[in-house]
Amino acid sequence: MLVLSLALAGTCAGVWLWLSAQASVVRLAQRNDQIERQTAQRTDALRAALDGAEAEVRRLGVEAGVKGEVIQALARELRTPLTTVMGFTQLLQANVDAERLTPRQAQGLRQIEAAAAVLLALIEEADGFVASGQPATAGAAQRVDLRLALRQVCDGLDPQARAAGVTLACPPAASGLGVTADPGQMRALLRRLVENALRHARSGQTVEMTLTRQDQRVSLSLHDPGPAARLDRADRPFEPLDGVDARGGTTLGVGASQRLAERMGGVLSAAADAWGATVFTLTLPAATGLVSGPGLGQAVVLYVEDNPANVALMRHAAGGLGLTLHAAATGAEGLELARALRPDVILLDIGLPDMDGYAVKARLDADPATRDVPVIALTAATSPRDLRRGRAAGFDAYLTKPLDLTALAAALNDVLIPGLAGGGLDAEGRRRA
């Protein structure tokens, strides 16, 4: 009986344990089903939230892209009339000996030049803001008058300098100071250096600038009033943050300017002067000197441009260079005149009313009568994408508006004077040898 009782008790205990285990399995299965349902619901909610966030990001991206396109379009439209303003200013200054201005006229011309420089700085800041979200690209290298570019930068920053009580001592005009660079990037580099010095300067101080040429290098020395104590390490001025400015705010270093100078084949260095200030020295390759000769003076030039003011400017410039200029207002008219005239060079605007300049260039290349005629692009399209497209199109030069007449003369020399023609631009925007 005892054994039977023990067996019965063991059986009952086993059944109870089995039933308990089965109940636990059922509860765990139910709990697992509940967790899976909750996980599925939360996953669906997260997926919906993620889809909504992605849709919002796409919407904001499209909206930002549209805003960027609007800003670029406005900048392009402003560059065209600015070409007329700055171009005629350069012509008047170049002809000052032949057509002497009264003191009042000279002062008025100087004010026009300064106002145009301020507008150009605003346009380039807008372009730079939009381009910051685009892939970087090498600029279109051309002859840049370093003194003129520095003068434009100083004029653009003059309101800030006056407000701070600081004098920007831009060097006087001099010959032989041309460098090979992208004009927009060159002005951006100079603006960063001058802005940096302006932030360090106290009221009553002067930011001194000197330009020199030695052999095939042109150097700009800019005396930054910031203390030379910042030069405890050679790379200190080129760090992202550079201490505090003269008014207590944090200043940015000029590391980006150093990298930009290197991309243009130059060097930006810093040293201390005898008065304890910092001297930034920018050294760049000098541009090839302009060559005069019968090849340029006897040249026939076709200018395809729909803006009458820019055509008038080009007629004045061509007259000063001894060129014979013909103008066309549309792409179709330009193609017809190119076949009829067989010009020595074609100056081609990109934004034409009937077809863009790229289509005109493609048709010129496809026609045996015009495929060998050098084509120089004159355009207000300056974005990285525009520069890449212009480079791929095979232009002999890509000049951006507002047009520097010295750069135009250099480009004409390159394509018209035997031995200087470069055969277009390479992948880095430099003229091919």
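Because the structure is a prediction, the values reported are computed rather than measured. Positions are given from 1, in the same order as the sequence printed here.
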Please assess I376 against L412 for the test side chain to side chain contact (heavy atoms under 4.5 Å, CB included), listing each intermediate value before the final yes or no. CA-CA 8 Å; I376 298 175; L412 290 170; 4.1 Å; yes

With no hydrogens and no angle check, is any side-chain donor or acceptor of R147 less than 3.5 Å from a backbone partner on P171? yes

dist Y303:OH -> L378:CG (nearest 0.5 Å) comes out at 5.5 Å

When rounded to the nearest 0.5 Å, the distance separating CD of E305 from CG of L347 is 10.0 Å

Problem - Side-chain touch V360/V304, heavy atoms, less than 4.5 angstrom - result: no

Hey, is the main chain of G331 close enough, under 3.5 Å, to the side chain of D354 for a donor-acceptor pair? yes

Can you confirm whether R162 is buried at CZ, in the sense that more than 12 heavy atoms of other residues, nucleotides or ligands lie under 6.0 Å from that atom? no

Rounded to the nearest 0.5 Å, the CG atom of L408 sits from the CD atom of Q90 at a distance of 10.0 Å

Test item: L150 and L220 side chains (from C-beta on) under 4.5 Å apart, heavy atoms = yes

- Message: Using a 3.5 Å distance criterion without hydrogens, assess whether the side chain of R213 forms a donor-acceptor pair with backbone atoms of D215.
- Response: yes

Rounded to the nearest 0.5 angstrom, the CE-CZ distance for M209 and R151 is 8.0 Å

All heavy atoms of K361 vs all of A393, minimum pair found to be NZ-O, 3.6 Å

* Asked: Do M186 and L146 have side chains that get closer than 4.5 Å, going by heavy atoms?
  -> yes

Fill in: Short side-chain to backbone donor-acceptor contact, D396 and V375, under 3.5 Å
yes

Q: Could you check if a side-chain atom of E333 sits within less than 4.5 angstrom of a side-chain atom of E336, using non-hydrogen atoms only?
A: no

Show your working on side chain to side chain contact (heavy atoms under 4.5 Å, CB included) between R391 and Y398 and close with a plain yes or no. CA-CA 8 Å; R391 191 167 299 129; Y398 191 92; over 6 Å; no

Audit row: F88, I112, side chain to side chain contact (heavy atoms under 4.5 Å, CB included) steps and yes/no: CA-CA 10 Å; F88 276 108; I112 294 172; over 6 Å; no

CG of L190 to CG of L222, rounded to nearest 0.5 Å, is 9.0 Å

Taking Q205 for the side chain and R202 for the main chain, is one N or O donor matched with an acceptor at less than 3.5 Å?
yes

Tightest non-hydrogen contact, residues A286 and V218, listed as CB-CG2, 3.8 Å

Worksheet item: Under 4.0 Å between a Lys/Arg side-chain N and an Asp/Glu carboxylate O for D386 and R389?
Response: no

Shortest non-hydrogen pair, A366 vs R371, comes out as O-NH2, 3.5 Å

- Residues T370, I346; criterion side chain to side chain contact (heavy atoms under 4.5 Å, CB included); working and verdict: CA-CA 10 Å; T370 57; I346 297 173; 5.6 Å; no

One should read off an interatomic distance between L268 CG and Q258 CD, to the nearest 0.5 angstrom, of 6.0 Å

Exercise. Taking N196 for the side chain and R192 for the main chain, is one N or O donor matched with an acceptor at less than 3.5 Å?
Worked result: no

**Prompt:** Side chains of V153 and L168: closer than 4.5 Å at any heavy-atom pair?
**Reply:** no

* Can you find a pair of side-chain heavy atoms, one from D367 and one from L335, that are under 4.5 Å apart? -> no

Margin query: When you compare the side chain of D306 with that of T330, does any pair of heavy atoms fall below 4.5 Å?
Written below: no

